[in-house]
Structures are given as C-alpha cells and as structure tokens.
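Since we're looking at a predicted model, the values are computed, not measured. First listed ligand is number 1; within each ligand, the first listed atom is number 1.
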Amino acid sequence: MSILIYAESAEGKFKKVAFELASYAKKVAESLGSTVTAITFNITDASELSKYGVDKVLKVNDSKLANFSAKAYADAIQQAAKKEDAKLVLLSSTTDSAYLSSLVAVSLDAGFASNVVGLPVSTSPFQVKRNAFSNKAFNITEISTDVKVLGLAKNSFGIVASSSNLTEEDYAPSINDADFAIKIESTEKVSGKIAIADADIVVSGGRGLKGPENWGLIEDLAAALGAATACSKPVSDLGWRPHGEHVGQTGKPVASNLYIAVGISGAIQHIAGINSSKVKVVINSDPEAPFFKVADYGVVGDAFEIVPQLIEKIKAFKAQ
Ligand SMILES: Cc1cc2nc3c(=O)[nH]c(=O)nc-3n(C[C@H](O)[C@H](O)[C@H](O)COP(=O)(O)OP(=O)(O)OC[C@H]3O[C@@H](n4cnc5c(N)ncnc54)[C@H](O)[C@@H]3O)c2cc1C
C-alpha cells in the first residue's frame, strides 16, 4: 500500500506546493507504515522529490498533457492510484488541484476532504482537521471509505526535508480523446510579476491609497521584498488595479508567509480570503480599523509617510 501524491509543476518545474505535499505525505506514511509515490506530468528530472521523502515517482511525459486538463489529469491520477493500490491520494489546494480532487475522488469512489490542515487527527477511524467558514473555524471530518482523497491547505504544513532513495518510473496511463472535451487553448501570463498563489510575501493596497496614481508605493515595497502585489475588492472594482489582484472572499485566496495590508480597513470579506497567511502586517491611519484585531504587527499612521521609510529601511538592510 502506498500514498499517492500529485506533485504539481509548471513549465517543467515543481511548484512549492509539491514539496509541501511530499513532506506531509512522508509524515502520514510514517504513521501508517506505508510509502509515498508521486505522479508528475511532463517533468524530466524528478530527483528533487527525494529531498522530501518520496520513495517512487511515476513520470507521465505526454505532449497531449502539456497544458492542464482536469479530466485527463484526473484520469491519469486515478489509474496511478489503482496501479499502486493507494488508499490515500493527496493533492494540494491550488485552483488546479481543487478542480482535480473531486474528479479523482468520484472516479475512485473515495471520500474527499478539502482544506485539510495538519496531520490526521486519527488514522483509525480516519479523521482530519479542516478549515471551515472561510478559515474562521475548524471541523473534524471522518472518512470511512476504503480509498480517501485529501486536499491539503496551502502553507498549513510547511516544507520538511527528509531524504529517500527515489526510484523513477516512466508511466503511460491510457488517456482518451474524450478527456479533452474541455481544454486550455492558450494562456496569457502577466509578465515580470510574481503570482499571488506562489508568493511567499504579498503586499496589498486598499482604498486608503486614494488612487491608482499612488500605486508606485505598493509596487516599490513589493519590489524591495520580492513580493506579489494585491488589492482589496473596491480597488479593482474602481479599475485602479486589474481584477486578478483582488483578494478576499470573492477574490483570490492568500496563504503567504507574510501579508502586508496598506490602507485596507479589514472588512470581514477581505479577512476571509487572507487569514491563512502566517504573519499579517497592517499599515492604517485609523487606530480603530478592524484589520488591527487580526494583525500580528500593526503600524498606525499615514501610508504615504510610512511606506517610503519602510522601503528605505528594507533596501538598507538588504545592502548590508
Ligand atoms: C458580498 C461581498 C463580497 C466582498 N468580497 C470582498 C473581497 O473578496 N475582498 C475585499 O477586499 N472586499 C470585499 N468586499 C468589500 C468589503 O466589504 C469592503 O468594502 C472592502 O474590503 C473595503 O476595501 P478597503 O479596505 O480597500 O476600503 P475602505 O473600507 O474604504 O478602507 C480604506 C482604509 O484605508 C485607511 N486609510 C485611509 N487613508 C489612509 C492613509 N493615508 N494611510 C493609511 N491608511 C489609510 C482607512 O482608515 C481605511 O481603514 C465584499 C463585500 C461584499 C458585500
């Protein structure tokens, strides 16, 4: 029996979530006395996975799967799960994996729990802790099916080094043309920018910035920190920033290590999407702004005075 993970990649390179998932799988495997197998798509060298405890990798290299296709990937993953007799299939909680997870679960007749945080609470019965109510609460979910599919919440476990003797196997699951009924024809990427989903640090601006002409402050702070830029909903509604930067309950979720909110009040719908971030820093001129209640560090003051000083300090620190 093995645990199967889907090790996500983009353009031939593993995403960080793949290493977090491998680390998590290794720990679960230790408690179950099983091994960890990964399935990858269009990766030539999978050796990096050996640093996080993966025992075996099934490498699917097929030009038809160069672009993400939920049905085709799910089909390949369920075939790999059956081949490896995997009773536990682990995916992360990225947009692609969240899409895949339910398809994989249905095809394996498996119980599925999304947004899992931390190691299983119990392995018999099998119970996991999950984020609920936009990460404002937890629940304990029991899965009693033979095969179980879990979606691990991003940044909930971390990356833990653990070496293994990795064996690599080329794997060619049978993929039907019908699996490509929905396919991505083209992708337009924002160039030169760090994607919010992949970012360790996110610098986000709200209506307190007064207008798009002041966004240089956010961009300069992000550049100094190597961070992605984001914004509150009204900012994108007003057209100050593109909708792809809107974070919160109705926007992109953020689970970064550091989230810096500048001139954002901290409305419940905003917090709902960002409160999985580990450290939250708030810069706001209003000491009563609700965001301070959930902040780890808060600066009460005018963003137009504080942010330039912060940028200077970061640059000076980095130059040392
Ligand atoms: C169904 C629904 C879904 C929603 N989904 C989302 C969502 O996903 N994401 C989201 O963000 N919002 C969402 N909203 C909107 C949300 O309720 C708030 O209206 C919004 O988050 C407020 O944005 P803001 O903080 O940028 O603006 P404001 O509420 O106007 O706050 C601006 C803040 O800037 C501060 N400020 C002003 N000047 C300065 C200065 N010079 N220096 C420092 N600080 C300053 C002010 O003190 C204030 O706290 C949703 C609302 C609804 C009803």
Problem - Ligand-side contact atoms (ligand 1) for residue partner Gln249, heavy atom cut-off under 4.0 Å - result: 7 (C), 8 (O)
Problem - Atom indices of ligand 1 within 4.0 angstrom of Phe304 heavy atoms, with elements - result: 41 (N)
Handout entry: Non-hydrogen side-chain atoms of Ile274 and Val202 separated by less than 4.5 Å
Key = no
Exercise for the section: For ligand 1, find out whether one of its N or O atoms is nearer than 3.5 Å to an N or O atom of Val247. Expected result: yes
Practice task
Going by heavy-atom distance to atom 43 (C) of ligand 1, choose the closest among Ser285, Pro253, Gly273, Ser236.
Solution key: Ser285
Exercise for the section: Of all the heavy-atom pairs spanning Val147 and Ala86, show the shortest one and how long it is. Expected result: CG1-O, 3.9 Å
Problem - Protein heavy atom at shortest distance from atom 11 (O) of ligand 1 - result: His270 ND1, 2.7 Å
Handout entry: Protein heavy atom at shortest distance from atom 31 (O) of ligand 1
Key = Ser265 CB, 3.4 Å
Handout entry: Residue Gly301 vicinity, atoms of ligand 1 by number, heavy atom under 4.0 Å
Key = 42 (N), 43 (C)
Problem - Part of Phe291 within contact of ligand 1 (heavy atoms, under 4.0 Å) - result: neither
Problem - Between Ser256 and Ser277: side-chain donor-acceptor atoms closer than 3.5 Å - result: yes
Exercise for the section: Return yes or no for this condition: an N or O of Ala267 is under 3.5 Å from an N or O of ligand 1. Expected result: no
Practice task
Assess the side chains of Ser97 and Tyr6: does a donor N or O sit below 3.5 Å from an acceptor N or O?
Solution key: no
Exercise for the section: List for me each residue that meets ring-ring contact (aromatic ring centres under 6.0 Å, His included) alongside Tyr73, sequence neighbours excluded, and say none if there are none. Expected result: Phe41, Phe68
Handout entry: Asp75 vs Pro173 side-chain heavy atoms within contact, under 4.5 Å
Key = no
Exercise for the section: Just need the protein heavy atom nearest to atom 32 (C) of ligand 1, so name the residue and atom and give the distance. Expected result: Gly263 O, 3.5 Å
Practice task
Please confirm whether Pro234 comes under 4.0 Å of ligand 1, counting heavy atoms of the residue only.
Solution key: yes
Exercise for the section: Look at atom 1 (C) of ligand 1 and say whether a protein heavy atom is found at less than 4.0 angstrom from it. Expected result: no
Exercise for the section: With the side chain counted from C-beta on, respond yes when Leu310 and Val299 share a heavy-atom pair under 4.5 Å apart, and no when they do not. Expected result: no
Practice task
Before signing off on this row, confirm whether Ala303 and ligand 1 have an N or O atom pair separated by under 3.5 Å.
Solution key: yes
Problem - Proximity winner for atom 17 (O) of ligand 1, if only heavy atoms of Gln269, Arg207, Lys210, Lys233 are counted - result: Gln269
Practice task
Report the nearest protein non-hydrogen atom to atom 48 (C) of ligand 1: residue, atom name, distance rounded to 0.1 Å.
Solution key: Asn284 ND2, 3.8 Å
Completion exercise
Among non-hydrogen protein atoms, atom 24 (P) of ligand 1 lies closest to Ser232 OG, 3.6 Å
Practice task
Please identify which atoms of ligand 1 are closer than 4.0 Å to at least one heavy atom of Gly206.
Solution key: 26 (O)
Handout entry: Closest non-hydrogen atom pair between Leu58 and Lys83, with its separation
Key = CD2-CE, 3.8 Å
Practice task
Run the salt-bridge test on Asp179 and Lys64 with the 4.0 Å N-O cut-off and return the result as yes or no.
Solution key: no
Exercise for the section: Identify, by atom number and element, the atoms of ligand 1 in contact range of Asp302, meaning under 4.0 Å from any of its heavy atoms. Expected result: 40 (C), 41 (N), 42 (N)
Practice task
Please report the closest heavy-atom contact between Ala18 and Phe14, naming both atoms and the distance.
Solution key: CB-CD2, 4.1 Å
Exercise for the section: For Gly251, take its heavy atoms, then give the atoms of ligand 1 lying under 4.0 Å from any of them. Expected result: 8 (O)
Exercise for the section: With atom 6 (C) of ligand 1 as the reference point, say which of Thr250, Val282, Ile306 has the nearest heavy atom. Expected result: Thr250
Exercise for the section: Please determine if Lys154 and Glu20 form a salt bridge, counting it only when a charged side-chain N lies under 4.0 Å from a carboxylate O. Expected result: no
Practice task
Please determine, by modelled atom types, if Asp45 and Ser47 share a side-chain donor-acceptor pair under 3.5 angstrom.
Solution key: yes
Practice task
Consider ligand 1: state whether an atom of it lies below 4.0 angstrom from any non-hydrogen atom of Pro290.
Solution key: no
